[in-house]
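In this text, all values refer to a predicted model and were calculated from it rather than measured experimentally.
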Amino acid sequence: MPTSSASTTDSAKSASGGVQSLERAFDLLERMADAGGEVGLSELSASSGLPLPTIHRLMRTLVACGYVRQQPNRRYALGPRLIRLGESASRLLGTWARPYLARLVEETGETANMALLDGDEIVYVAQVPSKHSMRMFTEVGRRVLPHSTGVGKALLANTPDAEVRALLARTGMPAATEKTITTPEGFLAALEDVRRAGYAVDDNEQEIGVRCLAVSVPDSPTAAAISISGPAGRVTEEATERIVPVLQQIAQELSEALTTAQNPA
């Protein structure tokens, strides 16, 4: 029986040896995410270079599977089934990170964390506790607002100011402590400090008596940061000079491991 042209297109192999329609579908999902989660077909066609009939066919399939939904205004939005995939991927990312966080604890003596930017919130996905006995604010699964955390500053440091202001307008800037930054101008100034220094500091801003040092994970498949947290009496300015290079080195090694996992040979 002759194969239809549509079937041939769907099963065609890409230059990388994969299935072209799958690559195109995932590319469209990523473009939707980059656009804020909702787009029209013409926008997708303009950004991807694919013809409208191809995009329409792929979107129909994604809608049928629950990964995309069509809005009343005929635009397309990311669907609820992606949440389950994202949650599972976040847990797996935390699992991959644990050996690196364990090394961070060994080399610094402080509790190590990994956090992601999920929408407008920070979510902690992995933690290896310090051997010192101390109650910590952070725990796996906890969600916080970015403005009061070192990881939040590290994750937003390279985000355009207008986008940061929009995020802060949505979340508000409640004070967790008397040291919390509570104005957009103050937070933007802190992000400039992060860009200049190469690391972020939470100085008693989320919890009195606790200091946190954080860096982003370069080229992570999703925006991620790692940090150490400890008593302000131990995480001093002198300790910061010793800890930050360790943080940066381990973040780079974790980045390389994630890149290898994402693009196996």
Could you tell me if the side chain of [Y] sits less than 4.5 Å from the side chain of [X], heavy atoms only?
X    : Y    : result
M59  : M32  : yes
L41  : Y76  : yes
Y67  : T61  : no
D27  : S48  : yes
R103 : E107 : yes
V151 : M114 : no
Y199 : I243 : no
P146 : K153 : no

Can you see which heavy atom on [X] is nearest to which on [Y], and at what distance?
X    : Y    : value
V105 : V128 : CG2-O, 3.3 Å
D219 : S255 : CB-OG, 4.0 Å
L116 : A224 : CD2-CB, 3.5 Å
L145 : G172 : CD1-O, 4.1 Å
Y124 : V144 : CE1-CG2, 4.0 Å
S227 : L104 : O-CD2, 4.0 Å

Is the backbone of [Y] close enough, under 3.5 Å, to the side chain of [X] for a donor and an acceptor to pair up by distance?
X    : Y    : result
S229 : C212 : no
E43  : G40  : yes
E238 : T236 : no
T149 : G152 : yes
T54  : L50  : no
R31  : S47  : yes
T108 : E110 : yes

Q: List for me each residue that meets side chain to side chain contact (heavy atoms under 4.5 Å, CB included) alongside T183, sequence neighbours excluded, and say none if there are none.
A: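 Counting only residues at least two positions away or on another chain, T183 forms a side chain to side chain contact (heavy atoms under 4.5 Å, CB included) with E185.
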
Q | Step-by-step side-chain contact (heavy atoms from CB on, under 4.5 Å) determination, L58 to S21 | A | CA-CA 8 Å; L58 292 170; S21 58; 4.2 Å; yes

Separation between [atom1] of [X] and [atom2] of [Y], rounded to the nearest 0.5 Å:
X    : Y    : atom1 : atom2 : value
L101 : L254 : CG    : CG    : 7.5 Å
Y100 : E256 : OH    : CD    : 8.5 Å
L44  : H56  : CG    : NE2   : 12.0 Å
E106 : I250 : CD    : CD1   : 9.0 Å
T177 : I208 : OG1   : CD1   : 4.0 Å
L155 : D118 : CG    : CG    : 11.0 Å

With clusters defined by side-chain heavy atoms of hydrophobic residues (ILVMFWY) lying less than 4.5 Å apart, directly or transitively, does [Y] cluster with [X]?
X    : Y    : answer
L78  : V39  : yes
I181 : V194 : no
V68  : L52  : yes
L22  : L62  : yes

Q: Mind running side-chain contact (heavy atoms from CB on, under 4.5 Å) on R196 and D193 for me, showing each step along the way?
A: CA-CA 5 Å; R196 182 173 59 252; D193 291 339; 2.4 Å; yes

Between [X] and [Y], does at least one N-O distance fall below 4.0 Å, as a salt bridge requires?
X    : Y    : result
R195 : E192 : yes
R143 : E121 : yes
R69  : E38  : no
D161 : R165 : no
E237 : R211 : yes

Q. Side chains of E253 and Q249: donor-acceptor distance under 3.5 Å anywhere?
A.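 Yes, side-chain donor-acceptor contact under 3.5 Å.
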
Q. Does a side chain donor of either S148 or Q206 reach within less than 3.5 Å of an acceptor in the other side chain?
A.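 Yes, side-chain donor-acceptor contact under 3.5 Å.
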
(Q) Let's go through L28 and I55 carefully: what are the C-alpha distance in whole Å and the side-chain angles of both, what is the deciding distance for side-chain contact (heavy atoms from CB on, under 4.5 Å) to 0.1 Å, and is it a yes or a no? (A) CA-CA 8 Å; L28 293 179; I55 293 177; 4.3 Å; yes

Above 12 or not: heavy atoms from other molecules or residues under 6.0 Å from [atom1] of [X]?
X    : atom1 : result
R74  : CZ    : no
Q71  : CD    : yes
N158 : CG    : no

Q.
side-chain contact (heavy atoms from CB on, under 4.5 Å), that's the test. Do I226 and N113 meet it? Break it down for me.
A. CA-CA 6 Å; I226 60 173; N113 308 284; over 6 Å; no

